[in-house]
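Following: one structure in structure tokens, then a few remarks.
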4 protein chains.
Amino acid sequence: MNKAGKVEGEGSKAQARREQVLAAAHACFLQSGFHGASMAVIAKAANMSVGHIYHYFENKEAIIAAIVEENVQHVLSNIRSVRGAPRLYEAMIEKAGERLDDVMDTGKTALMVEVLAEASRNPHVAELIKLSDQTPLKLLGELIAEGRQARPALSQEELRARAEVVAALFEGLQIRALRNPDLPRAAILPLMQDCIRLVLER
Amino acid sequence: MNKAGKVEGEGSKAQARREQVLAAAHACFLQSGFHGASMAVIAKAANMSVGHIYHYFENKEAIIAAIVEENVQHVLSNIRSVRGAPRLYEAMIEKAGERLDDVMDTGKTALMVEVLAEASRNPHVAELIKLSDQTPLKLLGELIAEGRQARPALSQEELRARAEVVAALFEGLQIRALRNPDLPRAAILPLMQDCIRLVLER
Amino acid sequence: MNKAGKVEGEGSKAQARREQVLAAAHACFLQSGFHGASMAVIAKAANMSVGHIYHYFENKEAIIAAIVEENVQHVLSNIRSVRGAPRLYEAMIEKAGERLDDVMDTGKTALMVEVLAEASRNPHVAELIKLSDQTPLKLLGELIAEGRQARPALSQEELRARAEVVAALFEGLQIRALRNPDLPRAAILPLMQDCIRLVLER
Amino acid sequence: MNKAGKVEGEGSKAQARREQVLAAAHACFLQSGFHGASMAVIAKAANMSVGHIYHYFENKEAIIAAIVEENVQHVLSNIRSVRGAPRLYEAMIEKAGERLDDVMDTGKTALMVEVLAEASRNPHVAELIKLSDQTPLKLLGELIAEGRQARPALSQEELRARAEVVAALFEGLQIRALRNPDLPRAAILPLMQDCIRLVLER
DNA sequence: AATGAATGAGGGTTCATTCAT
DNA sequence: GATGAATGAACCCTCATTCAT
């Protein structure tokens with residue numbers, strides 16, 4: 001009921017504690033996966049008793065939810081950073097390099113994969129990641145529409161398809177990096193950029 | 001004390017039993033994930049006692065490994081199916097449609113994600129998927145080289161990069177489909193094909 | 001280090017606080033039982049912090065003890081209400097209807113059962129309810145003796161047995177109502193009254 | 001699903017194991033109550049590992065359910081034992097003495113109270129005891145109807161009320177014995193018998 | 001070859017109680 | 001007087017694995 005959720009606009013102390021847990025959980029999940037990391041281990045990593053974690057999070061799943069949310073915010077701010085640029089497409093394409101580095105961080109990817117795996121069998125998490133994906137995807141669609149300028153406008157479905165393919169490129173590369181961490185980044189970047197340009201301008 | 005592994009060139013009976021287990025495990029893993037599916041459930045699905053499974057597999061991890069291996073073979077055969085086609089690039093691009101359907105099968109993706117998650121923390125599985133990824137990737141690279149025809153030849157790294165991007169497109173879309181199963185397939189396919197063409201012919 | 005118990009003849013404020021806790025605890029115990037109601041829930045119901053409850057009660061058991069005590073007083077006052085009536089037996093028998101309603105209140109019974117269950121394993125509570133039962137039972141015996149009037153006097157044991165049977169009728173019906181809340185009250189009342197009359201006048 | 005329940009018409013070994021658990025649980029619940037007795041303690045008492053108990057019972061509640069059922073069977077056989085007697089009422093009244101001893105066994109009562117307490121907050125157990133009470137009550141009603149002979153027949157509700165009052169007498173005495181184990185049995189028995197006769201013949 | 005009874009460590013979670021503020 | 005953050009042992013339950021048959 002009012003276990004978690006009560007920690008809302010509270011003092012920074014509580015907020016700090018929460019983040020302490022999240023940081024610890026993040027690290028533990030990275031190393032052992034969602035199921036592999038026990039609450040006991042997380043508690044130890046957070047320098048906190050097991051029971052006390054439950055003051056800040058209703059259960060283990062709530063911790064994952066918070067971490068997913070964190071990740072969404074990160075992606076969102078990345079997308080937003082190109083907004084309002086004068087030559088939008090060029091900005092997006094240039095940004096691709098930065099995103100590429102981001103995406104090759106195996107730590108982050110491992111966590112994302114962990115979450116996706118969980119989603120396959122936990123409907124609650126599935127719903128969560130579906131929802132959390134909508135905002136960035138919509139934003140990406142808007143950016144694409146915005147940048148069309150002279151070119152003919154696109155239907156909603158066309159916009160969606162383009163956003164999906166761009167997203168797929170990055171998420172796909174993320175997976176590739178997980179499979180084999182030494183991707184030839186330098187050779188890949190221009191290919192990526194060409195693909196993005198193609199999808200945007202086509 | 002007869003560990004598993006001794007079942008090598010044995011009668012087809014044993015082999016059939018093994019496959020019985022694998023089929024059951026596959027189905028169970030699909031539904032509940034590696035950690036979610038218990039040995040008891042797998043045994044029941046395989047019409048076999050729990051204990052008897054241990055005659056054919058040393059432990060649960062060995063089953064997982066076998067399933068991963070299976071998955072690799074599936075991907076390989078997919079790529080091989082375009083080999084030797086007269087107009088190779090066109091064949092690959094046409095094949096994209098089929099692959100797209102394949103890739104949007106959330107069941108298969110769930111398993112792939114499961115494997116990747118497992119790899120993040122189980123070095124044995126990590127090694128396995130790294131190795132298992134090399135063959136298809138190399139094959140893809142060869143196909144790309146083979147199809148260049150008139151165009152200038154590419155360095156190994158260039159080939160690798162192209163193969164990675166094509167792979168990323170498909171694996172990325174696979175992830176996208178997992179996040180949101182109702183992708184606009186019709187609008188996505190031509191975008192994908194253009195991207196592939198671009199990467200191949202560039 | 002001021003344990004509870006020191007709160008004796010103190011200001012009405014402290015007393016009010018104590019009762020606040022008891023009222024809350026009563027409500028919570030009714031709904032969830034002694035073990036089901038957590039201190040946290042009781043504290044919330046009492047509009048008080050968890051820790052502060054420990055200023056007024058040494059521990060949870062002390063709260064339970066206080067509630068048991070309360071219950072005893074309730075039963076006592078019920079019996080006293082017929083005392084001194086001119087035609088005592090008739091008064092008792094008439095009262096039976098009221099008592100019946102009282103007894104069919106499943107909320108009260110739930111608490112009584114809770115107390116009895118606790119008594120089976122907590123010697124302190126056992127002692128408490130044994131003592132607390134003596135007064136009403138003795139009172140009931142006196143009433144019976146008092147009402148014999150013309151009839152021959154009864155030995156202590158005879159009186160005790162009669163009181164026990166009357167008590168058993170009511171407590172038994174209480175249990176019956178708990179097992180099945182829709183007792184045929186109308187048909188039961190005259191039977192009860194006849195039984196009581198029989199036991200009293202025999 | 002098919003955790004428990006599978007142990008049905010199986011070999012006596014499984015049946016014996018089940019009873020081993022029930023006996024242990026019975027003893028533990030008696031001593032510490034349903035919530036007080038941990039599965040670990042029950043397991044130790046049953047000379048069995050914790051996990052193995054779950055081969056025979058789906059969960060702790062299922063153990064209680066089985067014990068409740070056991071008790072019902074006991075009561076039923078008690079009621080049945082007078083069936084078909086030539087002078088039915090006399091037989092029932094004579095049986096009262098035996099039942100009285102039964103009812104004064106505080107061990108059994110403690111368990112019954114435990115179950116009732118649990119029922120107050122666990123709807124599943126509530127349903128269970130409601131159901132389990134119906135059969136004996138119905139049987140008792142039938143016996144009463146059967147024994148009326150010359151006397152005018154009774155409506156269903158009248159029968160029910162009479163059965164309830166008889167049941168209340170015994171269950172009430174059970175509670176009395178729990179509150180104070182040294183009831184004056186000798187003096188109580190004739191009172192009980194008179195009450196039963198009254199209720200039956202009225 | 002085949003069974004499934006048996007183990008016990010470890011999982012997530014709850015809760016009475018304490019104590020610094 | 002009053003708070004609620006903090007503890008940690010104990011709860012029920014699950015599961016990979018072993019072994020007598």
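Keep in mind that this is a model prediction, so the values were computed, not measured. Throughout, a chain's letter reflects where its sequence line sits, starting with A, and its residues are numbered from 1.
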Could you walk me through whether C:E127 and C:L131 pass side chain to side chain contact (heavy atoms under 4.5 Å, CB included), step by step? CA-CA 6 Å; C:E127 190 59 24; C:L131 283 175; 4.1 Å; yes
Do D:I67 and D:L111 pass the side chain to side chain contact (heavy atoms under 4.5 Å, CB included) test, and can you show the C-alpha distance, the side-chain angles, and the key distance before you say yes or no? CA-CA 9 Å; D:I67 285 185; D:L111 210 52; 3.5 Å; yes
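Contact of the A:I53 side chain with the A:I63 side chain is registered, since non-hydrogen atoms from C-beta on lie closer than 4.5 Å. Between D:M112 and D:L116, some side-chain heavy-atom pair lies under the 4.5 Å cut-off. At least one side-chain heavy atom of C:L178 sits less than 4.5 Å from a side-chain heavy atom of C:V113.
Side-chain proximity of D:N59 to the nucleotides E:dT7, F:dG4, F:dC13 is greatest for F:dC13. Here the side chain of C:H52 is nearest to one of E:dT17, F:dG1, F:dA5, namely F:dG1. Checking E:dA6, F:dA16, F:dT3 against the side-chain heavy atoms of C:S49 singles out F:dT3 as nearest. Which of F:dG1, E:dA6, F:dT7 sits closest to the side chain of D:R17 comes down to E:dA6. Here the nucleotide nearest the side chain of A:S38, chosen from E:dA6, E:dA1, E:dG12, is E:dG12.
Between F:dA5 and A:Y56, no contact under 4.0 Å exists linking OP1 or OP2 to a side-chain N or O. Under 4.0 angstrom from either OP1 or OP2 of E:dT14 there lies no side-chain N or O belonging to A:Y54.
Summary of the strand contacts: B:N47 and C:V50 both lie near DNA chain E, and taking for each the nucleotide with the nearest heavy atom, the more 5' one is attributed to B:N47. Between D:A37 and C:I53, it is C:I53 whose nearest contact on DNA chain F lies nearer the 5' terminus. Nearest-nucleotide positions on DNA chain E place D:M48 closer to the 5' end than the other of D:M48 and A:E61.
Other residues, nucleotides and ligands contribute more than 12 heavy atoms inside 6.0 Å of the CD atom of C:E70.
Separating the NZ atom of D:K13 from the P atom of E:dA5 is a distance of 9 Å, rounded to the nearest angstrom. Atom CZ in B:F57 sits about 16 Å away from atom P in F:dT18, given to the nearest Å. Taking atom CZ of A:R18 as the reference point, atom P of F:dA5 lies 13 Å away to the nearest angstrom. Between B:M39 atom CE and F:dT18 atom P the separation is 10 Å, expressed in whole Å. Atom CD1 in C:I42 sits about 17 Å away from atom P in F:dG4, given to the nearest Å. Note: NE2 (A:H55) to C1' (E:dT13) measures 12 Å, nearest angstrom. In this structure, NZ of D:K60 is placed 4 Å from P of F:dC12, rounded to the nearest angstrom.
Counting only N and O atoms by type, the side chains of B:R17 and B:Q20 include a donor and acceptor under 3.5 Å apart.
Contact annotation for A:A43: no contact, since no heavy-atom pair falls under 4.0 Å across all strands.
Ring planes of C:F29 and C:F34: perpendicular class, angle over 60° (limits at 30 and 60°). Using cut-offs of 30° and 60° on the angle between ring planes, the pair C:Y56 and C:H52 is perpendicular.
With sequence neighbours excluded, the residues satisfying side chain to side chain donor-acceptor pair (under 3.5 Å) with C:K108 are C:D102.
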Let me check I have this right: for DNA chain F, each base becomes ., (, ), [, ] or |, based on Watson-Crick or G-U pairs with both distances under 3.5 Å. What is the full string? .||||||||||||||||||||
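The stretch residues 27-36 of chain B has no heavy atom under 4.0 angstrom from DNA chain F at all.
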